[in-house]
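Quick note on labels: first sequence line is chain A, next is B, and so on, each numbered from 1.
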2 protein chains.
Amino acid sequence: MNYKIKETADIAGISIRTLHHYDQFGLVKPESSSPSGYRLYSDRDIEKLQQVLFFKELGFSLKETKEIINDKSFDKNKALKNHKELLLKKKKRLDEIIYSIDKTIEYIEGDKEMGKIEMFKAFNMDEIKKHQEKYFKETKQKYGESNAYAECEKKTAQYSEYKWKEVMEKASGIFQRIAECMEKSPADEEVQIAVGQWKQHITESFYNCTLETFRSLGDLYVTDRRFTKNIDKIKPGLACFLKDAIHIYCSNQIYSKI
Amino acid sequence: MNYKIKETADIAGISIRTLHHYDQFGLVKPESSSPSGYRLYSDRDIEKLQQVLFFKELGFSLKETKEIINDKSFDKNKALKNHKELLLKKKKRLDEIIYSIDKTIEYIEGDKEMGKIEMFKAFNMDEIKKHQEKYFKETKQKYGESNAYAECEKKTAQYSEYKWKEVMEKASGIFQRIAECMEKSPADEEVQIAVGQWKQHITESFYNCTLETFRSLGDLYVTDRRFTKNIDKIKPGLACFLKDAIHIYCSNQIYSKI
DNA sequence: ATAAACTATGACGTAACGTTAGTGTCAAGA
DNA sequence: TCTTGACACTAACGTTACGTCATAGTTTAT
């Protein structure tokens with residue numbers, strides 16, 4: 001069954017503007033539209049909206065939510081279970097804040113002492129944020145990435161300090177080389193050679209980097225802020241350039257295999 | 001004891017930027033500063049920060065928080081008790097969302113049915129928002145406003161439909177007159193006469209409008225969005241103009257009484 | 001004296017909509 | 001068929017509460 005936008009907004013308890021925004025953002029796009037261009041939301045869209053509201057309730061950004069939900073391996077069941085865990089943590093935090101209120105009242109009425117740390121610790125979101133990040137990270141590693149992570153852990157666990165330094169310097173050198181070619185096209189031969197070397201280096205030093213994994217990693221360089229931030233320290237815009245270069249590299253490798 | 005900004009930020013678990021912002025915004029201004037201009041936060045500032053975090057946790061805007069906290073009649077004890085009530089409501093809502101997750105899992109696994117309404121009702125914030133608004137409103141009516149409200153209720157309860165219409169038309173006429181003088185100064189004689197008439201009309205038709213109450217009401221016209229919105233329907237900017245005019249009127253009246 | 005850490009102000013950017021403007025579409029009633 | 005009110009669209013600016021970055025002054029420890 002199809003619902004027009006006001007019906008949908010009323011059902012979900014959100015604004016029409018929000019639905020517009022979600023459509024434009026690519027988070028929840030209606031499955032069809034009328035001949036006059038009206039959005040028509042299906043039952044499946046409605047269910048997706050519910051998922052979105054769960055993620056929103058738990059503090060995930062729309063961007064994060066989009067990445068997780070629109071992934072073809074999105075597991076609703078697993079997500080819901082994870083949500084429940086998070087919600088229980090939020091509930092515990094609420095309890096702590098309530099307790100903190102009681103304590104503050106006693107303090108104000110002069111009955112008790114209250115330390116500075118005690119005043120604020122209930123507001124702490126670290127545990128919740130850590131869990132969110134863990135879940136997001138796990139989700140992003142859905143494919144070979146989770147295997148890659150395990151392999152990487154195993155391989156690097158035996159590295160000596162000297163080996164680590166070697167690995168890092170080689171990585172740095174490759175990135176530096178690519179950064180120096182940034183005024184060229186990502187498809188430039190020199191860039192592509194360096195990208196190939198980067199892939200090789202990953203396979204040798206961290207985990208078996210398949211083309212698929214490599215492409216996903218390239219995406220991560222621009223979608224995961226930590227990656228972007230670190231890479232762009234070398235040169236602003238490098239993360240984006242590198243992503244493009246990796247995509248071209250992977251496409252070329254795929255093409256050459258057909 | 002005084003704390004510099006990093007110490008304060010660490011104690012409260014918020015960023016330095018946030019403290020800058022709160023200072024600039026007038027929400028939490030440090031009680032003193034060093035000769036070189038460093039902010040120095042006192043124990044009292046720290047305690048105020050805690051109050052701010054409680055309000056923030058409960059979804060109050062910084063603006064609302066500022067109005068409540070910086071009011072000289074701010075009652076910490078009462079606020080905390082109200083916070084607790086709100087937090088218990090939030091906790092209840094969390095429980096409902098958790099229950100909704102369980103239900104959704106059953107639905108996904110095909111065990112049960114789930115209606116559209118059931119999918120979304122747990123996310124509803126109406127009760128919490130209503131409580132927030134109620135508290136804010138009660139706080140804003142701290143002074144004569146709460147008495148004014150009671151008196152207003154009593155007086156208007158006996159109005160006939162005809163009387164209501166009369167009262168409203170007179171109000172509308174006064175506002176209209178003031179709107180027509182908006183290109184003049186708020187201190188203009190014609191404006192001031194109209195403002196005096198408005199005060200008189202309130203006293204006659206609603207409640208005894210003292211100068212103090214009248215001034216506070218003028219403030220409400222620009223700080224309470226509902227007032228602003230309604231008044232500005234007559235003419236954009238009227239609420240602000242009226243506030244200024246009321247302030248001038250009240251000051252003049254006070255001056256003429258010395 | 002020096003360098004690192006800390007502090008200040010200024011200002012642009014961000015996320016997720018809310019609000020407004022202007023215009024097209026639909027459905028019911030005259 | 002025409003009219004009107006409700007509904008829908010897109011575009012675009014505004015809002016809130018900071019995050020981030022730049023630049024420059026101050027403090028602290030070596």
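Among C:dT7, D:dC18, D:dA8, the nucleotide with an atom closest to any side-chain atom of B:Lys6 is C:dT7. Taking every side-chain heavy atom of A:Tyr38 into account, C:dG24 is the closest of D:dG25, D:dC18, C:dG24. Minimum atom distance to the side chain of B:Arg39 is reached by C:dT9, of the listed D:dA12, C:dT9, D:dC18. You'll find that the side chain of B:Arg17 is closest to C:dC12, out of C:dC12, C:dG18, D:dT10.
The shortest non-hydrogen separation linking B:Phe123 to A:Gln50 is CZ-O, 4.1 Å. Heavy atoms only, all atoms of each residue included: B:Leu40 and B:Asp45 are closest at O-OD2, 4.0 Å.
More than 12 heavy atoms of other residues, nucleotides or ligands sit less than 6.0 Å from atom CD of A:Glu183.
Here D:dT10 presents its C1' atom at 12 Å from CD1 of A:Ile5, a figure rounded to the nearest Å. For the pair B:Asp23 CG and D:dC18 P, the computed distance is 14 Å after rounding to whole Å. Taking atom CZ of A:Phe55 as the reference point, atom P of C:dA15 lies 19 Å away to the nearest angstrom. As rounded to whole Å, 11 Å separates atom P of C:dC26 from atom CG of A:Leu40. Atom NZ in A:Lys4 sits roughly 13 Å away from atom C1' in D:dC9 (whole-Å rounding).
For A:His20, no side-chain nitrogen or oxygen approaches OP1 or OP2 of C:dC17 to under 4.0 Å. The shortest distance between the side-chain N/O atoms of A:Thr18 and the OP1/OP2 oxygens of C:dG18 is below 4.0 Å. A sub-4.0 Å separation between OP1 or OP2 of C:dA16 and a side-chain N or O of A:Tyr22 is absent. In terms of phosphate contacts, A:Ser36 brings no side-chain nitrogen or oxygen within less than 4.0 Å of OP1 or OP2 of D:dA8. Neither OP1 nor OP2 of C:dA15 sits under 4.0 Å from any side-chain N or O of A:Lys56.
Backbone-only contact: A:Ser15 has heavy atoms under 4.0 Å from sugar-phosphate atoms and none from a base.
Residue A:His21 is the one, among A:His21 and A:Pro35, whose nearest nucleotide of DNA chain C lies closer to the 5' end (criterion: closest heavy atom).
Going from atom CD1 of B:Ile128 over to atom NZ of B:Lys92 covers 9.0 Å, rounded to the nearest 0.5 Å.
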